[in-house]
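Report on one structure; see the data block that follows.
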Amino acid sequence: MFKPSQPMMARLRLTTKQVNGGYYKGNRTGSVGYFAKNGSYVIDWKKVRTYVVPEDLDQFKLTPFVTNRMTPTKGKYTREVEKDNGDVAIVERAFGGKDFLDLWASDNGREVLEQERIEKGESNETARQ
């Protein structure tokens, strides 16, 4: 019987687009339940992964990757919110598009200057003189 080599198997990987419906490749994590006839997903609690925390964790020999003594750090992306009583509170906000552009501009300064020069209408000849 013919058996393809390992490099050939890499080219012959099966995807969900190459087979009929009902094929689910998954991501090797295993299922924690099943689909019911009405289409809902039912969790089988015998399959759910649980992690046991060792007793006497403060005296445990292994240490975590991050120390427990570290104080929580504040995000640098904040905004001011005015409360009902007139006070202003500073709350964290998400990383936005303007933040990305500012970060990109700080890392790519030469390209930003070149783009600003082009937008001003200067040609390459006047910039060289």
Note to self: Running the 4.5 Å side-chain criterion over Ile, Leu, Val, Met, Phe, Trp and Tyr, what cluster does Leu113 land in, apart from itself?
What the structure shows: none
Checklist line | Residue list, salt bridge (charged side-chain N to carboxylate O under 4.0 Å, His left out) with Lys98, at least two apart or on another chain | finding: Asp102
Next item on the list: Output all residues satisfying side chain to side chain donor-acceptor pair (under 3.5 Å) with Ser31, sequence neighbours left out; order by chain, then residue number.
Entry: Lys47
Going by atom type alone, with no hydrogens or angles, which donor-acceptor pairs under 3.5 Å involve a side-chain atom of residues 81-91 and a protein atom two or more places apart or on another chain?
residue	atom	partner	partner atom	Å
Asn85	OD1	Asp87	N	3.1
Asn85	ND2	Asp87	OD2	3.3

Checklist line | Members besides Leu103 in its Ile/Leu/Val/Met/Phe/Trp/Tyr cluster (side-chain heavy atoms under 4.5 Å) | finding: Tyr77, Phe95, Phe100, Leu101
Notebook entry, point to check: How is the hydrophobic cluster of Val52 composed, in terms of its other members, when Ile, Leu, Val, Met, Phe, Trp and Tyr link through side-chain heavy atoms under 4.5 Å apart, directly or indirectly?
Noted result: none
Next item on the list: Write out all pairs satisfying ring-ring contact (aromatic ring centres under 6.0 Å, His included) with one or both partners inside residues 35-58, taking only residues at least two apart or from two chains.
Entry: Phe35-Tyr41
Notebook entry, point to check: For Val42, which fellow cluster members are found when Ile, Leu, Val, Met, Phe, Trp and Tyr are connected by side-chain heavy-atom distances below 4.5 angstrom, either directly or through intermediates?
Noted result: Tyr34
Item checked: By side chain to side chain donor-acceptor pair (under 3.5 Å) - contacts of Asn108 (at least two apart) -> none
Check: How far apart are the closest heavy atoms of Arg93 and Thr78, and which atoms are they?
Finding: NE-O, 3.1 Å
Next item on the list: Could you tell me which residues satisfy side chain to side chain donor-acceptor pair (under 3.5 Å) with Ser106, sequence neighbours excluded, listed by chain and number?
Entry: none
Next item on the list: To the nearest 0.5 angstrom, please state how far the CD atom of Gln115 sits from the CZ atom of Arg110.
Entry: 15.0 Å
Next item on the list: Please list, chain by chain and in numerical order, all residues satisfying salt bridge (charged side-chain N to carboxylate O under 4.0 Å, His left out) with Arg79, sequence neighbours excluded.
Entry: none
Margin query: Run the side chain to side chain donor-acceptor pair (under 3.5 Å) test against Ser40 and tell me which residues pass, sequence neighbours left out.
Written below: Asn38
